[in-house]
Amino acid sequence: GAVVSQHPSRVICKSGTSVKIECRSLDFQATTMFWYRQFPKKSLMLMATSNEGSKATYEQGVEKDKFLINHASLTLSTLTVTSAHPEDSSFYICSATQSPNTGELFFGEGSRLTVL
Amino acid sequence: KNEVEQSPQNLTAQEGEFITINCSYSVGISALHWLQQHPGGGIVSLFMLSSGKKKHGRLIATINIQEKHSSLHITASHPRDSAVYICAAGGSQGNLIFGKGTKLSVKP
């Protein structure tokens with residue numbers, strides 16, 4: 001089946017620094033990628049929808065200047081957490097699809113961010 | 001009230017038992033997704049369905065659009081089925097609204 005690779009799987013950073021997380025579709029062209037966040041013992045929450053070549057659409061309450069999303073190619077989307085704070089510590093996961101309203105979703109392995 | 005409700009929240013079963021996890025949603029959907037999340041966090045998409053029933057191995061998913069209800073069944077459960085099972089309502093743009101998940105533990 002299709003594979004979505006996410007990197008890094010774990011990252012620890014100091015407060016105030018920026019962290020970039022990559023999401024790659026390895027064997028298909030992902031026209032749309034989604035970024036989610038999951039706090040401990042909480043539901044997954046959609047953060048933003050990313051379409052190749054256009055600006056990401058952010059969900060209500062998600063700061064676009066803090067969570068920078070770039071989807072420059074059909075196989076790569078990046079999420080950059082800027083000026084990270086301890087409250088940004090969470091599990092971030094991406095998914096990718098060839099067709100957002102009919103296609104199957106493939107999930108990355110997730111990235112666990114800890115901000116000290 | 002959450003837009004996607006799952007029950008039960010936790011489920012413990014003996015190996016071999018038939019398992020049912022229920023999902024009710026209150027939003028319009030293009031598709032209903034069932035996902036499996038393992039302890040490390042990784043997620044696998046099990047089913048995407050918009051009507052009827054789908055079967056994959058020992059897993060069966062059904063949906064009743066009129067009642068806005070879906071069920072995930074696991075036949076002949078096995079300890080390796082232990083995971084969190086998540087129901088998600090999919091919008092027309094592929095955006096998902098997630099349930100809180102059902103933590104399943106299958107004892108040998």
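These numbers come from the heavy atoms of this one structure, side chains and all, not from hydrogens, waters or symmetry mates. So that the names make sense, note that chain A is the first sequence line, chain B the second, and so on, each numbered from 1.
Scanning residues 97-107 of chain B against chain A with a 4.5 Å non-hydrogen threshold yields B:Phe98, B:Gly99, B:Lys100, sorted by number. Close approach to chain A, defined as a heavy atom under 4.5 Å from one of its heavy atoms, is seen in B:His33, B:Leu35, B:Gln37, B:Gly40, B:Gly41, B:Gly42, B:Ile43, B:Ser45 of residues 32-46 of chain B, taken by number.
Side-chain atoms of A:His85 never come within 3.5 Å of backbone atoms of A:Glu87 as a donor-acceptor pair (strictly under, hydrogens ignored). Looking at B:Arg58, its side chain does come within 3.5 Å of a backbone N or O of B:Thr75 through a donor-acceptor pair. The main-chain N or O of B:Ile74 is never found under 3.5 Å from a side-chain atom of B:Ser77 such that the two would form a donor-acceptor pair.
In terms of the salt bridge (charged side-chain N to carboxylate O under 4.0 Å, His left out) criterion, B:Lys55 has no residue partners (sequence neighbours excluded). Listed by chain and number, the residues in a ring-ring contact (aromatic ring centres under 6.0 Å, His included) with A:Phe39 amount to none (sequence neighbours excluded).
The aromatic rings of A:Tyr92 and A:Phe67 sit tilted, their planes meeting at an angle between 30° and 60°.
Note on B:Ile86: it does not cluster hydrophobically with A:Met45, by side-chain heavy-atom contacts below 4.5 Å among ILVMFWY residues. In terms of hydrophobic clustering, with Ile, Leu, Val, Met, Phe, Trp and Tyr side chains grouped at heavy-atom distances under 4.5 Å, A:Val62 and A:Met33 are assigned to different clusters.
Of the atoms belonging to A:Gln6, not a single heavy atom falls under 4.5 Å from chain B. Heavy-atom distances place the side chain of A:Ile93, and not its backbone, under 4.5 Å from chain B.
Using modelled atom types, one finds a donor on one side chain and an acceptor on the other under 3.5 Å when comparing B:Thr20 with B:His73.
Taking each heavy atom of B:Leu11 and B:Pro8 in turn, the nearest pair found is CB-CG, 3.9 Å.
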